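One structure is given below, encoded as structure tokens.
The shown structure was predicted, so the numbers you read here are calculated from the model rather than taken from an experiment. Below, chains carry the letters A, B, ... as their sequence lines are ordered, and counting in each starts from 1.
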Number of protein chains: 2
Amino acid sequence: MHVTHTNQSSRRPTVAPMRTLKAFQEEFDLSTKFLCARMFDRHRETIRTQKRHVAVGNLVRITKTTLALSNRTGFHSMSLRDLASESGLSMGALYNYFDSKDTLLLMILGEVAAAVKETLSSPPQALEHDPLNRLRWLLETHVYLTETMQPWFVFAYMEAKAFSREGRELAVRSELATEALIAFALADGEAQSVFVVDDIDLTAAIIKPLLQDWYVKRSKYRRRGVSAEQYVRAITSFVEAALTR
Amino acid sequence: MHVTHTNQSSRRPTVAPMRTLKAFQEEFDLSTKFLCARMFDRHRETIRTQKRHVAVGNLVRITKTTLALSNRTGFHSMSLRDLASESGLSMGALYNYFDSKDTLLLMILGEVAAAVKETLSSPPQALEHDPLNRLRWLLETHVYLTETMQPWFVFAYMEAKAFSREGRELAVRSELATEALIAFALADGEAQSVFVVDDIDLTAAIIKPLLQDWYVKRSKYRRRGVSAEQYVRAITSFVEAALTR
DNA sequence: TATCAAAGATCGAGCGCTCGCTCAGTTTTT
DNA sequence: AAAAACTGAGCGAGCGCTCGATCTTTGATA
């Protein structure tokens, strides 16, 4: 199952063992419940419900339903009546958890941005001076992160621009941060003569869409039976072939 | 201005001269006026206004305003009152050109799909047995096409999924057609030992987002001062490096 | 352990508003 | 003057959001 079909050892000076999706998910708790618990902590002042377990349970239902309905036809065309009936809560109950529809959007966006920041900004110490394997780690971790939180990421990707300045800035900042991490690995690799890169920022910019395609076009890859691990291998070898000449 | 900074001649068996964006735009008329004229011809039965020049002029105003407003906050949150006042037409006049807001969406989507089909499905005869240059031609032409019709493509990309089955299918079909053209060039190149490709469909699938990023994230590249020609060179050398080993 | 009032949480009809869309009346073109 | 094209107030529907009424949970007391 984990056997790579292509022999790429010739282009891989040091091969770090590839993590599986499962291993990633055991390292980082990104369950809806956990994310909604953090959401509760972050929004105590707007959430009227006080008992933690009650609030978290309902936030899970609200979030799951919002992501499901929004990813079908967009956040804007999801009515709060739909959200109420699908989630099993009443209109009034919903407003115990947010003070406006926009706030609900920002709550979800905020957790996505936080998850990105937390997950990607702590690469293993051992990779500090190993740009090739740090790049691999970045690509792999990003794919696994977005695989685990797929509906969240699609939501953030599709809805961010349509809303308040605050929401847009949050999304842009988060995107640029990821690109900066890639660019840093490229620059590092260039300095160490591991990579050959013309324009570091431009190259980082075109690696980004390879990461985004995994969650934006998830159904395309599902239809073709491509697993997260396979996708990681595909883009990793694609990117490395382009960088090592 | 057109000088490439990297010396890549060693990886390019036959170098076809790169077209400029301007040359492309002289070859294909993709002006809003021309596209709206075709839109008029295709929708004579729903458009009540009969005089061609009057109709085309108003379709241009409607389309331009729709694309501008939709790309700001989404088609769904653009009200027809906004569209009326911004385009200078009245509510009633708008309904001389479409019978519902969804029809307006489909009219625009239809022109995008038609432009893709027409532009990409006629590569120069000379490239028929030259997969490397045909791939280059595909990448270049796609970037130039989407550069010329940028707001149209962003619209199609962002709005298609949120609407009727008809609209979604149109978008999916158009996407798959493009991917098939890429895959065909890859398969051809593999057969001729010009490319080394593991999984043709998967590789074609991950080349696609490189093309889409140009118009979806246009502002990012504008901010960085990347021209269409530069972007073509960047993704072309990136892709070729990954395919030729 | 059973009781019950206070506190916590939920309910959903109703408010004001904006939406997509229409059509009788008016203006412009032929 | 007939035909073509445009106008915009008005319709019903559905929206986000509110709030008094109601149900549920809690914990001090007997």
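- Atom pair A/Asp82:CG and D/dA13:P shows a separation of 18 Å (rounding to whole Å applied).
- When heavy atoms are screened at a 4.0 angstrom cut-off, A/Asn58 is found touching the sugar-phosphate backbone but no base atom.
- Regarding A/Asp99, its CG atom lies at a distance of 16 Å from the C1' atom of D/dC19, rounded to whole Å.
- Comparing A/Ala93 and A/Arg81, the nucleotide of DNA chain C nearest to each residue sits closer to the 5' end for A/Ala93.
- For the residue pair A/Ala37 and A/Arg52, the shortest heavy atom distance occurs at CB-NH2, 3.6 Å.
- Taking every nucleotide of DNA chain C with any atom under 4.0 Å from a non-hydrogen atom of chain A, the first and last of them, 5' to 3', are C/dG8 to C/dG14.
- Side chains of B/Tyr221 and B/Asp213: a donor-acceptor N/O pair is present below 3.5 angstrom, by distance only.
- Between B/Tyr157 and B/Tyr215, the ring-plane angle classifies as perpendicular under the 30° and 60° cut-offs.
- The CZ atom of A/Phe98 sits 11 Å away from the P atom of D/dT18 (whole-angstrom rounding).
- With rounding to whole Å, B/Ile47 atom CD1 is found 11 Å from D/dC6 atom P.
- Taking 4.0 angstrom as the limit, B/Thr49 places a side-chain polar atom (N or O) nearer than this to OP1 or OP2 of D/dC6.
- For A/Gln25 and A/Glu147, the side-chain atoms include no donor-acceptor pair closer than 3.5 Å.
- Protein atom CD of A/Gln50 is 16 Å distant from nucleotide atom P of D/dT25, rounded to whole Å.
- The interatomic distance linking B/Leu94 (CG) with D/dA9 (P) rounds to 15 Å, in whole Å.
- B/Tyr97 comes within contact range of the sugar-phosphate backbone alone, with a heavy-atom separation under 4.0 Å but no base atom that close.
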Fill in: Trace of the ring pair (Phe, Tyr, Trp, His ring centres under 6.0 Å) decision for A/Phe28 with A/Phe24
CA-CA 6 Å; A/Phe28 295 96; A/Phe24 168 84; 5.2 Å; yes
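- Across all strands, A/Arg48 comes closer than 4.0 Å only to sugar-phosphate atoms, never to a base (heavy-atom distances).
- Here A/Arg38 pairs with A/Glu118 in a salt bridge; the nearest charged N to carboxylate O distance falls below 4.0 Å.
- Using modelled atom types, one finds no donor on one side chain facing an acceptor on the other under 3.5 Å when comparing B/Thr146 with B/Arg218.
- Positionally, the nearest nucleotide of DNA chain C for A/Arg52 lies more toward the 5' end than for the other of A/Arg52 and B/Lys101.
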